[in-house]
There are 2 protein chains.
Amino acid sequence: MPLTGKRQPTIIDVARLSGVSKTTVARVLSGVGAVHSETRRRVEEAVRQSGYERNHLAFGLRTGRSRTLGLVIPDLSNPYWADLARGAQDKAEAEKRSLLIFSSDWDGERERRHLQALRQARVDGILINPAVTDDITLLHQTEAPVVVLGSSGERFPEFSSARSDVAQGVRLALDHLIGLGHRHVGLLIGRDRLGRSRFVSEARAHWQRQGLDAALLPAEEATYTVESGQAATARLFERAPGMTAVFAANDLMAVGAILAARAAGLVCPDDISIMGMDGVEAGSFTDPGLTTVDKPRYDIGVEATCLLLGAIDGTGDTVHAVLPCRLVERASVAAPSGLRTVRKKSA
Amino acid sequence: MPLTGKRQPTIIDVARLSGVSKTTVARVLSGVGAVHSETRRRVEEAVRQSGYERNHLAFGLRTGRSRTLGLVIPDLSNPYWADLARGAQDKAEAEKRSLLIFSSDWDGERERRHLQALRQARVDGILINPAVTDDITLLHQTEAPVVVLGSSGERFPEFSSARSDVAQGVRLALDHLIGLGHRHVGLLIGRDRLGRSRFVSEARAHWQRQGLDAALLPAEEATYTVESGQAATARLFERAPGMTAVFAANDLMAVGAILAARAAGLVCPDDISIMGMDGVEAGSFTDPGLTTVDKPRYDIGVEATCLLLGAIDGTGDTVHAVLPCRLVERASVAAPSGLRTVRKKSA
DNA sequence: ATGAAAGCGCTAACAG
DNA sequence: CTGTTAGCGCTTTCAT
């Protein structure tokens with residue numbers, strides 16, 4: 001039964017209570033070095049009695065290892081990042097480490113401050129989805145190992161990274177659409193501060209590889225939110241009336257597309273198919289349920305943390321983990337009803 | 001341009017570089033105490049040149065204030081808690097503090113470990129939604145100020161707390177339903193480890209206050225998830241065939257109810273009205289859009305952090321902040337179509 | 001198997 | 001206005 005309002009007991013209190021030196025206490029606490037079993041018992045008893053708990057600040061100062069990790073993501077309340085954060089947190093916890101979490105809102109200045117906070121906290125390592133280009137230098141200023149989250153990892157070959165296989169996911173989605181007979185697919189692409197996501201280029205490349213007409217793959221930009229996805233879809237409807245399907249770079253925008261279709265009096269998937277990307281839970285609530293490419297968000301969090309831990313303790317090379325996506329078929333995608341699409345055979 | 005791979009510069013390096021004592025450096029760094037402007041300039045220059053950054057571990061050890069806060073919630077990937085966490089994080093950030101975040105999954109043992117980790121990290125304060133009853137003692141063992149999140153705050157009158165006004169929210173929802181003519185409303189209630197939420201008792205109390213028949217307010221238990229809500233709604237349909245509306249204790253279960261209605265061949269809101277509670281974004285994706293009672297999740301996070309900060313620096317009494325809910329009307333609630341409900345006038 | 005002493009980087013008296 | 005000194009709680013040589 002820990003103390004009644006006094007200050008936290010220290011290793012010295014425990015030493016006094018058990019009649020040994022603080023060195024001995026430290027030894028039984030850390031488990032290294034030989035201690036007489038009877039002495040150990042007495043110390044353990046004193047620990048229990050005093051309610052002693054190691055001061056991590058002192059430990060960290062002395063050893064140079066804070067046993068704390070940092071996570072910098074765009075937005076904790078975005079389910080994609082929340083899921084990833086959850087994975088990182090669970091893995092960190094399993095390794096007896098704590099996680100400091102920050103949201104940057106894609107704001108370079110905020111990100112800079114977060115990185116500084118993490119450096120000051122002397123975290124053992126950092127997981128980050130970089131919001132801005134010039135982070136390259138910022139990241140290099142940092143002593144602690146860094147693991148990059150997401151496809152921007154490619155811009156930092158010197159750091160390990162973990163991301164989903166966007167190219168494969170895009171192929172999965174497009175092949176499904178093409179196989180169903182879609183030849184005119186609108187793209188809903190996100191634009192981060194870094195410019196366009198690799199989603200567009202992968203889609204374009206695969207589309208042409210299939211011998212299809214690039215002109216029939218129009219794209220509209222949005223900002224990864226439902227609202228912006230809805231607006232962008234409306235623009236797509238105007239620009240490309242013959243379009244039979246919409247493929248969004250994330251699920252939130254796809255949900256927006258479903259809403260936009262409904263608002264335009266179109267029935268999904270009868271009049272228009274809608275394909276998402278992420279696998280976020282929200283996609284299962286819509287009507288029709290959202291067919292999507294599931295990214296292993298949680299696992300990316302776990303994997304990234306594993307890589308970081310490896311980098312911290314020296315084992316573990318620089319690796320770029322690329323986790324596969326998975327097609328989740330629900331009801332928002334079907335064969336196009338009419339034959340209003342242009343057809344081409346592959347060359 | 002910070003160093004080339006050497007160890008992090010310390011206050012002593014800065015002192016040497018600028019030709020003063022470390023005390024003087026500390027003074028310009030903290031801004032307290034008078035320093036000659038020329039000296040200050042030289043020190044600042046040295047700080048810049050060396051890329052010095054304060055070691056928070058040493059700072060915390062010396063001052064006893066780690067400038068770190070802890071947050072323990074059930075599940076970071078649940079949008080309700082993610083939104084709240086976001087609020088806490090933003091406020092903490094604004095006060096130049098970092099946030100250590102943990103998920104307990106309503107598991108007492110995990111929660112215990114998290115609390116221990118926070119104590120060891122010597123956080124300045126803790127925000128927690130307690131998962132288990134016997135936390136009472138656990139929370140009291142903790143030196144750091146505690147602010148309780150959610151309605152379990154009432155079980156800890158000695159700690160400040162922040163929560164939404166569930167009673168008012170329930171009134172809002174029930175009055176809306178009753179005003180529309182509903183007299184037979186199924187309740188979807190969550191059960192946490194602490195037993196039933198106060199949702200049921202508030203609903204029952206208000207229902208009877210309105211002179212309505214308690215027998216026409218059947219309740220089924222679920223676990224705050226879409227799936228469980230769906231199953232519980234199905235049971236409700238069996239138990240209470242005359243029911244014209246379902247009122248769920250959270251939005252995820254309400255979404256489940258919408259799915260269950262659809263599966264049962266019922267049209268919402270024509271055949272059955274569905275009312276949620278939370279205000280989580282997912283409710284706006286469903287078809288029909290979920291009418292719900294919006295809880296100020298983000299603001300609760302902010303407010304709780306404010307209270308905690310107040311408790312930390314001594315200003316600020318123990319207060320129990322109760323934030324109002326707000327009815328969000330979308331399309332899932334309408335007047336009952338038939339007259340298959342029992343009617344009673346208020347006494 | 002145990003203890004004494006040094007020191008991680010910083011702040012907070014206390015002198016000058 | 002500036003420097004000296006002590007010490008936060010812990011680990012880690014180095015003796016014994």
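Chain identifiers are assigned alphabetically (A, B, ...) following the order of the sequence lines, protein sequences preceding nucleic acid strands; residue numbering begins at 1 within each chain. Computation of the quantities below employed the complete heavy-atom set of this structure, encompassing side-chain atoms and omitting hydrogens, waters and symmetry-equivalent molecules.
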Output a table of donor-acceptor pairs, distance under 3.5 Å, between side-chain atoms of residues 94-102 of chain B and any protein atom two or more places apart or on a different chain; print 'none' if there are none.
| from | atom 1 | to | atom 2 | distance (Å) |
| --- | --- | --- | --- | --- |
| Glu95(B) | OE2 | Lys91(B) | NZ | 3.2 |
| Arg97(B) | NH1 | Asp124(B) | OD2 | 3.0 |

So which pairs with a foot in residues 69-84 of chain A pass salt bridge (Lys or Arg N to Asp or Glu O under 4.0 Å), sequence neighbours left out? Asp75(A)-Arg86(B), Asp83(A)-Arg297(A)

Nucleic acid contacts - residues 34-45 of chain A versus DNA chain D, non-hydrogen atoms under 4.0 Å: none

Do any pairs count as a ring-ring contact (aromatic ring centres under 6.0 Å, His included) and have a residue in residues 59-92 of chain A, sequence neighbours left out, and if so which ones? His56(A)-Phe59(A)

On DNA chain C, nearest-nucleotide positions of Gly19(A) versus Glu53(B): which is more 5'? Gly19(A)

Applying the side-chain contact (heavy atoms from CB on, under 4.5 Å) test to Val14(A), which of Thr24(A), Val25(A), Val20(A) qualifies? Val25(A)

Protein-nucleotide distance (Ile12(B), atom CD1; dT4(D), atom P), rounded to Å: 12 Å

Apply side chain to side chain donor-acceptor pair (under 3.5 Å) to Glu303(B) and list each qualifying residue two or more places apart in sequence or on a separate chain. none

Contacts satisfying salt bridge (Lys or Arg N to Asp or Glu O under 4.0 Å) that involve residues 49-68 of chain B (not counting sequence neighbours) are Arg119(A)-Glu53(B)

Verify the distance criterion only: is there a donor paired with an acceptor across the side chains of Tyr298(A) and Asp90(A) at less than 3.5 Å? yes

Under 4.0 Å protein heavy-atom contact, by nucleotide of nucleotides 11-16 of chain D - B base, S sugar-phosphate only: BB----

Do the side-chain N or O atoms of Thr24(B) get closer than 4.0 angstrom to the phosphate oxygens (OP1, OP2) of dG3(D)? yes

I'd like to know if the side chain of Ser161(B) and the backbone of Val147(B) have a donor-acceptor N/O pair within less than 3.5 Å. no

By the salt bridge (Lys or Arg N to Asp or Glu O under 4.0 Å) test, which pairs, at least two apart or in different chains, include something from residues 8-29 of chain B? Arg7(B)-Asp13(B), Asp13(B)-Arg16(B)

Quick check: do Val146(A) and Val148(A) have side-chain heavy atoms less than 4.5 Å from each other? yes

Rounding to a whole Å, what distance do you find between Leu61(B):CG and dG7(D):C1'? 9 Å

What are the bounds, 5' to 3', of the part of DNA chain C that sits under 4.0 Å from heavy atoms of chain A? dA1(C) to dG9(C)

State, with a plain yes or no, whether a side-chain heavy atom of Leu149(B) is found less than 4.5 Å away from one of Leu71(B). yes

Please give the angle, rounded to 10 degrees, between the axes at the start and the end of the helix from dA1(C)-dT16(D) to dG16(C)-dC1(D), where five pairs define each axis. 40°

Does His36(A) have any side chain to side chain donor-acceptor pair (under 3.5 Å) partners at least two apart in sequence or in another chain, and if so, which? none

Less than 3.5 Å apart, which donor and acceptor atoms pair up between the side chains of residues 308-318 of chain A and the rest of the protein, not counting sequence neighbours?
| from | atom 1 | to | atom 2 | distance (Å) |
| --- | --- | --- | --- | --- |
| Asp313(A) | OD1 | Thr315(A) | N | 3.2 |
| Asp313(A) | OD1 | Thr315(A) | OG1 | 2.7 |

